[in-house]
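Notes for the one structure printed next.
Keep in mind that the numbers below use all heavy atoms, side chains included, and drop hydrogens, waters and symmetry copies. So you know, we letter chains A, B, ... as the sequences are listed, proteins then strands, and number each from 1.
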There are 2 protein chains.
Amino acid sequence: MQNRLTINDIARLSGVGKSTVSRVLNNEGNVSPQTRERVLQVIEQEHFSPSKSARAMRGFSDKIVAIIVSRLDSPSENQAVRAMLPLFYQQGYDPIVLESQFSAERVKEHLQVLKQRNIDGVVLFGFTGLSAQMLTPWKDKLVMLARDMPGLSSVCYDDAGAVQLLMQKLLAQDIRSVGFIGVSPHDTTTGQRRSEAYRAFCQEHHLTPHIVLGELTYQSGFELIPQLLDRDIQAVICASDTIAIGAQKYLQQQQIRDVQVCGIGNNPLLHFLFPQSLSVELGYGAGGEAAAKQLLAQLDGSATLQQLIIPGQLAV
Amino acid sequence: MQNRLTINDIARLSGVGKSTVSRVLNNEGNVSPQTRERVLQVIEQEHFSPSKSARAMRGFSDKIVAIIVSRLDSPSENQAVRAMLPLFYQQGYDPIVLESQFSAERVKEHLQVLKQRNIDGVVLFGFTGLSAQMLTPWKDKLVMLARDMPGLSSVCYDDAGAVQLLMQKLLAQDIRSVGFIGVSPHDTTTGQRRSEAYRAFCQEHHLTPHIVLGELTYQSGFELIPQLLDRDIQAVICASDTIAIGAQKYLQQQQIRDVQVCGIGNNPLLHFLFPQSLSVELGYGAGGEAAAKQLLAQLDGSATLQQLIIPGQLAV
DNA sequence: CTGTTAGCGCATTCAC
DNA sequence: GTGAATGCGCTAACAG
């Protein structure tokens, strides 16, 4: 893949000076049509392409952005990433993907590396434990996803809204005895916010809350739902579709058919396996798209910091 | 994140010449301990880090590799990617992730872009339709995953072996009437190879083959298995765990409990939902690891082209 | 051991 | 319109 032709070579080959070639390359005006044509021809012929490193050094942007996901195999993050990719490509940016594994330390390391390169921007999938301190220096070129932080651009999902959507739907069906399977409040969004929204809704509507907490796994749903059944529940809201799958499996196994299971995330598998489930689409794709757009806008200076919330909506 | 300090600045600040700083930076020998110490101190103090672009231009590698996945949300590719990441980081390489979406055209475009940067190497998740022609120029710095191609390094999964493993296991249980749900042979590995292995095994062991073909979705498994049941099957091998999940759902729904379902991929969800399933672990993680290692070895010149096959093994 | 010089490939004055 | 210099930040070859 050694295309070691330089701008000099093609200048020689087309019988012009290097600066003229440079002008053609950058679509500048002051070049006669014939000359331009000739140069373009040679470029085409020799498959010449200017070295990014060199132009990066000229103070130009390297057109690289970084995406720091927490886990590459998280379906929600996946969806978001897939949504941003085309947007970045389209603007000529190539994305470097890093995995933080929910470790603030790793994020720090990655940021360190990104600094050495001339990274243009960063999309960071937030998680609990990230400190504002290490992020603030990046504020102009960073967008955080799924978490917010003062002084930083962010795109968040509407955790509370999702729970409310589900509760309202249940209430409309006159279901008033609803349980909740959540995860540790240590996790700010999936954990704390969703549990809190449930609790608040119950209080507001004079319902008795039934909360059990576990992990973000189907095993957890499977193991925890019995505790809720003991309390004579008509429906259960799971903090995620993964948990919901586990819960459904238990119900199916016990041949219990009169408990409505709700999840969050609109996982297609949940619908396939248990079509009677209710889920809310949090808008992961939309979130990724929004984050990419926001970052791009920040980079070209057409936007300042901004905190966005993506609305969710009930899935069938 | 403007670290606009140059090697010159820190040379001035520490009262030495720029080359000395360069020497310190590159851990070269010919620097007195005191000087080195002083320089390092300034570097530390000023949070200086050398510009990658500049050193890349000096003919050095940019330490970037590309990973071209077909779909970011493919669990198998995900697993492989996650396995390579740490290996690359460790060697100072940052991976750019591109998505091909199974389009040879897209791969071509991506390769084009990668050429402009000084990409060091590429891991390409192969798929049907890739032409050797566009890949050959990259052969020294490319490793293909999940497919092989003459003249290219590759790491493949043992599709045929996986099917044989399953068939042998079934045979050992004296199950001789086995169906197969596959996908179009247009897909070389998941499609053609697995179907072919099944067919060959049947022939060799004088079994009657029962093959139906669909897509790589759970819906497909759900819709196709009835055709096999008509033929009085004792077990069914699905070309993937995803299909197996669909098939299992149908059986469960019909309360059929005497058909052994087998899949390929060792998807944890399959085991959780239908523990009685049989699956074979193809070694996606091991594959990714092998691919990364092979690429790194090729890059530092310590290895030449090589085609590897990762053995699979029965999962519980 | 260390400073000086000369490019790497490109964009950008500035003359012609 | 176009070509000849100049410098980006860094490393390498050459002097001291």
Distance from Ser70(A) atom OG to Leu130(A) atom CG, nearest 0.5 Å? 10.5 Å

Measuring from atom CE of Met134(A) to atom CG of Leu111(A), what distance do you get when rounded to the nearest 0.5 angstrom? 5.5 Å

Return the value, rounded to whole Å, for the distance between atom CG of Asn30(B) and atom C1' of dA15(D). 14 Å

Can you check whether Thr20(B) has a side-chain N or O nearer than 4.0 Å to OP1 or OP2 of dG3(C)? yes

With a non-hydrogen cut-off below 4.0 angstrom, is Ser53(A) in contact with a base, only sugar-phosphate, or nothing? nothing

side-chain contact (heavy atoms from CB on, under 4.5 Å) evaluation trace for Val16(B) with Arg38(B): CA-CA 10 Å; Val16(B) 299; Arg38(B) 191 148 36 93; 4.1 Å; yes

Taking only the P atom of each, what is the distance from dT2(C) to dG9(D) in whole angstrom? 25 Å

Salt-bridge test for Arg117(B) and Asp94(A): reply yes if a basic N is under 4.0 Å from a carboxylate O, no otherwise. yes

Distance in Å, Lys63(A) NZ paired with Gln91(A) CD, rounded so as to fall on 0.5 Å steps: 6.5 Å

Between Ser32(A) and dT2(D), is there a contact of a side-chain N or O with OP1 or OP2 at under 4.0 Å? yes

Calculate, to the nearest 0.5 Å, the distance between atoms OG and CG belonging to Ser154(A) and Leu308(A) respectively. 8.0 Å

Report the residues that fulfil side chain to side chain donor-acceptor pair (under 3.5 Å) with Arg55(A), sequence neighbours left out, ordered by chain and then residue number. Asn26(A)

Please convert DNA chain D into dot-bracket. A pair counts if it is Watson-Crick or G-U wobble with both distances under 3.5 Å; crossing pairs go in [ ] and bases paired with another strand get |. |||||||||||.||||

Partner of Arg193(B) under side-chain contact (heavy atoms from CB on, under 4.5 Å), picked from Asp158(B), Asp187(B), Asp159(B), is Asp159(B)

What one-letter contact string describes nucleotides 9-16 of chain C from 5' to 3', where B marks a base within less than 4.0 Å of any protein heavy atom, S marks contact via sugar-phosphate atoms alone, and - marks no contact? BBBBBB--

Please report the distance, rounded to the nearest Å, between CG in Leu13(B) and C1' in dG9(D). 16 Å

May I have the distance from Lys63(B) (atom NZ) to dC10(D) (atom P), rounded to whole angstrom? 18 Å

